[in-house]
There are 2 protein chains.
Amino acid sequence: MALHEEIQASFYRKAAFEPGLAARPANGEAPTFFSAGAEIYAQGEKSSSLYTVEFGAVRVYRLLADGRRQISAFLLPGEMFGFETDTTHHFFAEAICATGIRIQRATLLQGDLAGALLPMALQSLVRAQEHLLVLGRHSAAERAAAFLLDMSERQGGLRRLDLQMSRADIGDYLGLSIETVSRVFSRFRQKGIIRLPNLRGVEIVKLQALKDLAA
Amino acid sequence: MALHEEIQASFYRKAAFEPGLAARPANGEAPTFFSAGAEIYAQGEKSSSLYTVEFGAVRVYRLLADGRRQISAFLLPGEMFGFETDTTHHFFAEAICATGIRIQRATLLQGDLAGALLPMALQSLVRAQEHLLVLGRHSAAERAAAFLLDMSERQGGLRRLDLQMSRADIGDYLGLSIETVSRVFSRFRQKGIIRLPNLRGVEIVKLQALKDLAA
DNA sequence: CGGGAAATTGACAATGCTCAAGAGTGGTGG
DNA sequence: CCACCACTCTTGAGCATTGTCAATTTCCCG
């Protein structure tokens, strides 16, 4: 059984006992499954849908010709992405780990739904603007602290984070090299601010220390 | 006669001869005038309006406790700003130079207008995401080139730019110090890519060279 | 267990920042 | 109208932070 099938099956098992988790959108579409690294859409592709993360995680990014990458957003369950001003995608979107995505065709989004969409778009805008401050005016340590706090808050203040994304992903999100990300995390660990129980896991020990750092 | 009154008077004088310039929005509201440096709104203020630049230029920014500033956007004539997810402003907005702003109360924006608003919000989102790439993964020279090209394109491809904003503004927009901005501009001038006819003016001489740099 | 990818760590280099001094502008008042 | 003055911009020198390159270790996952 392939990994994503395993996940899919476990999702449905869980859904059978937790009806809220399986709540369907008004149009009744079922989520589509993507395994780790799978492309959801590519830059230049025609855009005609909106995407909502059901479970898993997504990275949305742009590439430069020389291979530099900027991840503009990580999307967690419940979050929506794929807004475009025209009919073409200007970004790549990939599943970071086994991920379920609910896809809504844009044709269903005319009329009333445009109004419902505005808050989601504004949410993305606020996130992007917050991110601008981090990239423009924060040191490496401040960026890492802000990232950990953001990820924690977006998971309801959870202190044990399963980040899913690699150091390369984090670096390309924060505008840092993987080595710098690793060094900052190590320094945080040495100071007892966080623990790194496993490769992709982070536990926040001194929350206030992180908040002080995030400035 | 105070500066902004002078400006306002000159605007109306000009308007008398150029009806197009005095064109009023459908709701008939007249623009409000702000002199250079005047605050349009402040972080933490209650937000109940949307703003459209009629003439002049605006900077929207956030401040950190230690004085670091990140300008998230410059707004030029015809562009709209002030989108918020809740009823509080999360940014400061100031006039860069003598500026006219059309203010629309949010109460007028319920219903149908929400749909009309979405494209404007998405436009802001795209700009912010583009800006993320610049701040995260571009060198100082690439940032400056991207900035000049963006300003030029937003003015219809004009090659002689009157930037209005100071080096400090540009630095806080690009995540660079004023000295670095100045040095990069000087290097561009030495290479014959641009000319700097006066303090706030830039003339693009080798457009392609800038485009190559912007990567 | 073992292979391989990811992460960590170290040494060095480069980019951009800070501090400081000097030059150019443009606005203001005499 | 001109000269001054304050402010911004420019330029230089030294330094700090972060990036690059490389070696080593750790951690998964078969």
Produce the list of close N/O pairs, under 3.5 Å, pairing protein atoms with atoms of nucleotides 18-22 of chain C; give distances to one decimal.
| residue | atom | partner | partner atom | Å |
| --- | --- | --- | --- | --- |
| C/dT18 | O4 | B/Arg183 | NH2 | 2.9 |
| C/dC19 | N4 | B/Glu179 | OE2 | 3.0 |

### Message
What is the separation between atom CG on A/Leu196 and atom P on D/dC27, rounded to the nearest whole Å?
### Response
10 Å
### Query
Which of parallel (below 30°), tilted (30 to 60°) and perpendicular (above 60°) describes B/His131 and B/Tyr173?
tilted
### Query
Please give, in whole Å, the distance from D/dT10 C1' to B/Gln190 CD?
11 Å
### Query
Between A/Arg68 and A/Asp172, does at least one N-O distance fall below 4.0 Å, as a salt bridge requires?
no
### Summary
Double-helix bend of the helix from C/dC1-D/dG30 to C/dG30-D/dC1, axes at both ends from 5 pairs, round to 10°, gives 50°
### Query
Aromatic ring centroids of B/Phe91 and B/Phe83 under 6.0 Å?
no
Only distances under 3.5 Å count here; give the side-chain donor-acceptor pairs of residues 180-187 of chain A to other protein atoms, sequence neighbours excluded, each with its distance to 0.1 Å.
| residue | atom | partner | partner atom | Å |
| --- | --- | --- | --- | --- |
| A/Thr180 | OG1 | A/Ser177 | OG | 3.0 |
| A/Ser186 | OG | A/Ser182 | O | 3.0 |

### Message
What contact category does B/Gly175 fall into here, base, sugar-phosphate, or nothing, at under 4.0 angstrom with non-hydrogen atoms?
### Response
sugar-phosphate
### Message
Without decimals, in angstroms, what is the distance between B/Ile96 CD1 and D/dT8 P?
### Response
14 Å
### Message
Tell me whether B/Asp169 is salt-bridged to B/Arg69, with the criterion being a basic N under 4.0 Å from an acidic carboxylate O.
### Response
yes
### Task
Can you tell me the distance, in whole Å, between the CZ atom of A/Phe185 and the P atom of C/dT9?
13 Å
#### Entry: NZ/NE/NH1/NH2 to OD/OE distance under 4.0 Å, B/Glu130 and A/Arg62
yes
### Salt-bridge contact A/Arg189-A/Glu203 (side-chain N to carboxylate O under 4.0 Å)
no
Check the interface with nucleotides 4-7 of chain C: list each N/O to N/O pair with the protein under 3.5 Å, or write none.
| residue | atom | partner | partner atom | Å |
| --- | --- | --- | --- | --- |
| C/dA7 | OP1 | A/Arg167 | N | 3.0 |
| C/dA7 | OP1 | A/Arg200 | NE | 3.4 |
| C/dA7 | OP2 | A/Arg167 | N | 3.3 |

### Task
Indicate yes or no: does A/Glu79 engage A/Arg154 in a salt bridge with an N to O separation below 4.0 Å.
yes
### Message
B/Glu84: which residues meet the salt bridge (Lys or Arg N to Asp or Glu O under 4.0 Å) condition with it, sequence neighbours left out?
### Response
none
### Query
What is the distance from CD of B/Gln164 to C1' of C/dG26, rounded to the nearest Å?
14 Å
### Task
For A/Arg189, answer base if it contacts any base atom (sugar-phosphate contacts may also be present), sugar-phosphate if it contacts only those atoms, and nothing otherwise; contact means non-hydrogen atoms under 4.0 Å.
sugar-phosphate
Let me have the donor-acceptor pairs involving side chains of residues 204-215 of chain A, under 3.5 Å, with sequence neighbours excluded, atom names and distances please.
| residue | atom | partner | partner atom | Å |
| --- | --- | --- | --- | --- |
| A/Lys206 | NZ | A/Lys191 | O | 3.3 |
| A/Gln208 | NE2 | A/Asp212 | OD1 | 3.0 |

### Query
With nearest nucleotides of DNA chain D determined for A/Asn198 and A/Ala140 from heavy-atom distances, which residue corresponds to the more 5′ nucleotide?
A/Ala140
### Query
Taking atom types as modelled and ignoring hydrogens, do the side chains of A/Glu94 and A/Tyr61 form a donor-acceptor contact shorter than 3.5 angstrom?
yes
### Task
Could you tell me the separation between the CG atom of B/Leu176 and the P atom of D/dC9, rounded to a whole number of Å?
14 Å
### Query
Tell me: CG of B/Leu135 to C1' of C/dG16, nearest whole Å?
14 Å
### Under 4.0 angstrom between B/Arg68 side-chain N/O and C/dC17 OP1 or OP2
no
### Query
How many Å lie between CD on B/Glu142 and P on C/dT15, as a whole number?
11 Å
### Output field: ring centroids A/Phe92/A/Tyr41 closer than 6.0 Å
no
